[in-house]
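Here is the structure we will look at, set down as structure tokens.
Both backbone and side-chain heavy atoms feed into the values below; hydrogens, waters and symmetry mates do not. Counting starts at 1 for both ligands and their atoms, in listed order.
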Amino acid sequence: MTGSATRGAAATWLNPLRDKRDKRLPRIAGPCGVVIFGVTGDLARRKLMPAIYDLANRGLLPPTFALVGFARRDWADRDFAEVVESAVRQHARTPFRQSVWDRLAAGFRFVQGTFDDDAAFARLAQTLAALDAERGTGGNHAFYLSVPPDAFPVVCRQLHASGLARPQGDRWSRVVIEKPFGHDLASARELNTVLNSVFPEESVFRIDHYLGKETVQNILALRFANQLFDPIWNAHYVDHVQITMAEDIGLGGRAGYYDGIGAARDVIQNHLLQLLALTAMEEPVSFSPAELQAEKIKVLSATRLALPLSETTSRGQYAGGWQGGEQVVGLLEEDGFAADSTTETYAAITLEVDTRRWAGVPFYLRSGKRLGRRVTEIALVFKRAPHLPFDATMTDELGKNALVIRVQPDEGITLRFGSKVPGHLMEVRDVNMDFSYGSAFSEDSPEAYERLILDVLLGEPSLFPVNDEVELSWQILDPVLDNWAARGKPEPYPAGTWGPPSSFAMLARTGREWRRP
Ligand code: BG6
């Protein structure tokens, strides 16, 4: 926490362009370079390199920006540039502009080596020093670890040994790490100890890309810029909250990462618990990183699992089925997964938030692969009106009121309430009132990674979970993981459906049901 407070102050100081009085001033990064470890991986190709290009295209990177790839491949700088170009042409959000590309690509370098090779890190240090001299990157470097977690310690040690982790004077050195931050509380603590022995906490940026999404940041605007919602945002009015992250894709090609990890560690420990924190937290004193993190930490500290876990959680694994008119195989037939894999591809848990605002309101979190469709949403489902002065049959089609934050893909907010059906009868049926980003705004939303990479370069830590948040999230989840490990195989569900029977039973036991997005 102390680290975060210092970090917030440093962020403003480092970036004099961020003058609060003029919102038109763009946030442009100062002189710097980024080194990507794991540059041949999928994330780098699909997200990181395109995001860097998009930032350059939007004029948010300094003209002297440098990008260094580090990997085992025997590439020259030119080969690396070709790989980046093809990633950018395929995945960038903004159009390809030759002049932007040429200027950006002039700052590309490639360093060949393995993580345990001291000489390779010495070459990396030389390359960065040369870039500082040639391009004026000012000795400011962000090291992006897009590598498996077991490689974090060795890369950190090498950065330390080669003098890159703690630069002199007012130069900065930041490390960006991708999840998973460990696989349980104990391993997360170990990882944090290693990281903090090399990089001070204020130089560690833990990526949770959900926090970079526009619609996720809009939770703060919706809650704290309006008077309309706060009075009903509590246990007096809310019956329960459902947080859903459903994907229709399967896990073909991802066995190396996913087998043994599963849906709870992959997304509930991070994305879904962060969504819960933003939905349930109290208003922060300000949006300074320290104040925002303090509120998230408070609410995560008050969050507990509902018991017994045999009834309040559900774990499934997709079997073969039909999706989008195509026949698809089950997880056990996907390439690379063990034929007896017990990895869950569907996970649901029930949480309670023990605060005055939320006591008694269940928070249901679910996520799965190969579900009916891709959708992420947060739904506050309200209590029924205490009395309905209508003939009983007139409200047969009236459900509970709901406020739904549509995180993706159809970004927006829906309010569901009862309305009179036109005609002679006083019949009431659910209708939706929609706000949609697509029709309300002409600007496209930046990709989450654009926002987050820029924030790293600006030294702006608000959207990065701190150590305490990561550890609290594991503390919440660990008992579920232990319980599931002791229970053996997950329950199968056919691809293209909405999860295993136990997930429906989990809500039905209290007379509730999952929304059908
Ligand atoms: C990642 C998970 O963090 O998020 C993936 O590791 C998942 O399993 C992905 O597919 C989903 O991201 P998005 O932004 O497409 O919802």
Side-chain angles (χ1 to χ4, degrees), residues 38 41-48 50-51 54 91-93 144-149 176-183 205-219 243-276 278 315-318 323 328 331 334 336-337 341 343-348 365-378 405-412 437 444-453 463-465 469-470 473-474 477 495 499 517:
D42 203 43
L43 181 75
R45 193 174 52 81
R46 286 192 310 117
K47 299 286 180 187
L48 308 183
D54 286 325
H91 299 289
R93 181 177 65 85
Y144 202 118
L145 273 56
S146 176
V147 297
V176 186
I177 54 171
E178 275 289 340
K179 68 182 187 57
F181 311 118
H183 52 90
F205 289 73
R206 299 173 181 80
I207 294 266
D208 183 320
H209 79 280
Y210 264 60
L211 296 180
K213 291 184 189 270
E214 279 291 329
T215 38
V216 172
Q217 291 161 45
N218 194 33
I219 299 170
I243 303 183
T244 299
M245 175 185 171
E247 293 181 283
D248 50 7
I249 49 170
L251 286 155
R254 285 193 75 201
Y257 162 73
Y258 204 91
D259 204 10
I261 295 270
R265 288 187 175 94
D266 183 37
V267 298
I268 292 189
Q269 187 272 341
N270 36 74
H271 307 329
L272 268 59
L273 281 173
Q274 285 289 326
L275 294 181
L276 176 143
L278 294 173
R315 181 176 64 134
Q317 187 182 69
Y318 66 80
Q323 198 150 39
V328 295
L331 182 85
E334 299 276 19
F337 282 88
S341 171
T343 301
E344 86 277 358
T345 59
Y346 179 94
L365 274 51
R366 64 173 164 170
S367 180
K369 305 280 185 193
R370 285 273 186 244
L371 297 185
R373 61 178 274 242
R374 173 173 181 254
V375 60
T376 299
E377 62 166 41
I378 302 163
I405 300 169
R406 304 193 314 266
V407 174
Q408 63 189 27
D410 171 26
E411 290 88 353
Y437 273 78
D444 280 349
S445 298
E447 273 282 320
Y449 276 97
E450 287 172 64
R451 170 74 196 251
L452 296 176
I453 292 173
L463 299 180
F464 299 85
E469 291 167 74
V470 172
S473 303
W474 282 119
L477 203 60

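- Between His209 and His271, the ring-plane angle classifies as perpendicular under the 30° and 60° cut-offs.
- Counting only heavy atoms from C-beta outward, the side chains of Arg93 and Glu450 approach each other to under 4.5 Å.
- Nearest approach of Asp259 to Gly336, heavy atoms of both residues: OD2-O, 4.3 Å.
- Side-chain contact annotation: Asp266 with Tyr257, donor-acceptor N/O pair under 3.5 Å present.
- Among all heavy-atom pairs drawn from Gln317 and Leu331, the shortest one is NE2-CD2, 3.3 Å.
- Just one of Arg373, Arg374, Lys369, Arg370 meets the side chain to side chain donor-acceptor pair (under 3.5 Å) condition when paired with Glu247; it is Lys369.
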Kindly print each ligand 1 N/O atom paired with any protein N/O atom under 3.5 angstrom away, one pair per line, or none if nothing qualifies.
unit_1, atom_1, unit_2, atom_2, d
ligand 1, 3 (O), Lys179, NZ, 3.1
ligand 1, 3 (O), His271, NE2, 2.7
ligand 1, 6 (O), Lys179, NZ, 3.0
ligand 1, 6 (O), Arg254, NH2, 3.4
ligand 1, 6 (O), Asp266, OD1, 2.6
ligand 1, 6 (O), Asp266, OD2, 3.4
ligand 1, 8 (O), Arg254, NH1, 2.7
ligand 1, 8 (O), Asp266, OD2, 2.6
ligand 1, 8 (O), Lys369, NZ, 2.7
ligand 1, 10 (O), Glu247, OE1, 3.3
ligand 1, 10 (O), Glu247, OE2, 2.6
ligand 1, 10 (O), Lys369, NZ, 3.1
ligand 1, 12 (O), His209, NE2, 3.2
ligand 1, 14 (O), His209, NE2, 2.8
ligand 1, 14 (O), Lys213, NZ, 2.6
ligand 1, 16 (O), Tyr210, OH, 2.5
ligand 1, 16 (O), Gln408, NE2, 2.6

